[in-house]
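Below is one structure, written out as structure tokens, with a few remarks after it.
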Amino acid sequence: MVAGQSGFDTAMRRAGELQVDVAHLERVGDYLQILADRMPELRAAVQAAHDAAAAGGQHRHSALGSLNIDEVNHPELDGLARRLRRVHDAVADNLADLETCLRDTTRAVATIARLYDTVEERNRLTAAEVLKRLPR
């Protein structure tokens, strides 16, 4: 869908008209908190998998067959360990960013739920208002 097409414009209009249930916001906040709290465990698992691949094979050699795998003069293996390290680093960085975003969003959702705790305030709360308050 693209802006200017009736399906997209209708979907965006409907999204802007959504009313937000504060009780649902609190449940969303709880869910986001659980995800954020699990991120260190996931990050540790990614690190353990990387460590095992780097030096967890026979005789504590790389799972790739040698601690010096990058020195093998073979086109298919050239730089393989460096590429695996870069992939690990990218995944680790992205998981750290995700954890930060989850924690920031959890705080924002809790703030929104507190700001709109009366029936009158809830009736005025739209999806657009929620989006304005979420971290970018």
- Task: Measure the shortest side-chain to side-chain distance between Asn94 and Leu98 over non-hydrogen atoms and say whether it is less than 4.5 angstrom.
- Result: no
- Rounded to the nearest 0.5 Å, what separation is found between the CD atom of Glu26 and the CZ atom of Arg114? 10.0 Å
- Between the CG atom in Leu35 and the CG atom in Asp30, the distance rounded to the nearest 0.5 Å is 11.0 Å
- About how many Å separate CG of Leu102 and CD1 of Ile34, when rounded to the nearest 0.5 Å? 11.5 Å
- Could you tell me whether Asp104 and Arg107 make a salt bridge, using a distance below 4.0 angstrom between a side-chain N and a carboxylate O? yes
- Quick one: CD on Gln47 to CG on Asp51, what's the gap to the nearest 0.5 Å? 4.5 Å
- Query: Is there a side-chain contact between Val46 and His50 (heavy atoms, below 4.5 Å)?
  - Reply: no
- Query: Which is it for Arg103 and Asp37 under the salt bridge (charged side-chain N to carboxylate O under 4.0 Å, His left out) test, yes or no, and what are the steps along the way?
  - Reply: CA-CA 9 Å; Arg103 294 194 188 284; Asp37 290 346; 3.2 Å; yes
- Message: If hydrophobic clusters are built by linking Ile, Leu, Val, Met, Phe, Trp and Tyr wherever their side-chain heavy atoms come under 4.5 Å apart, do Leu95 and Val87 end up in the same one?
- Response: yes
- What distance do Thr100 atom OG1 and Met39 atom CE have between them, rounded to the nearest 0.5 Å? 9.0 Å
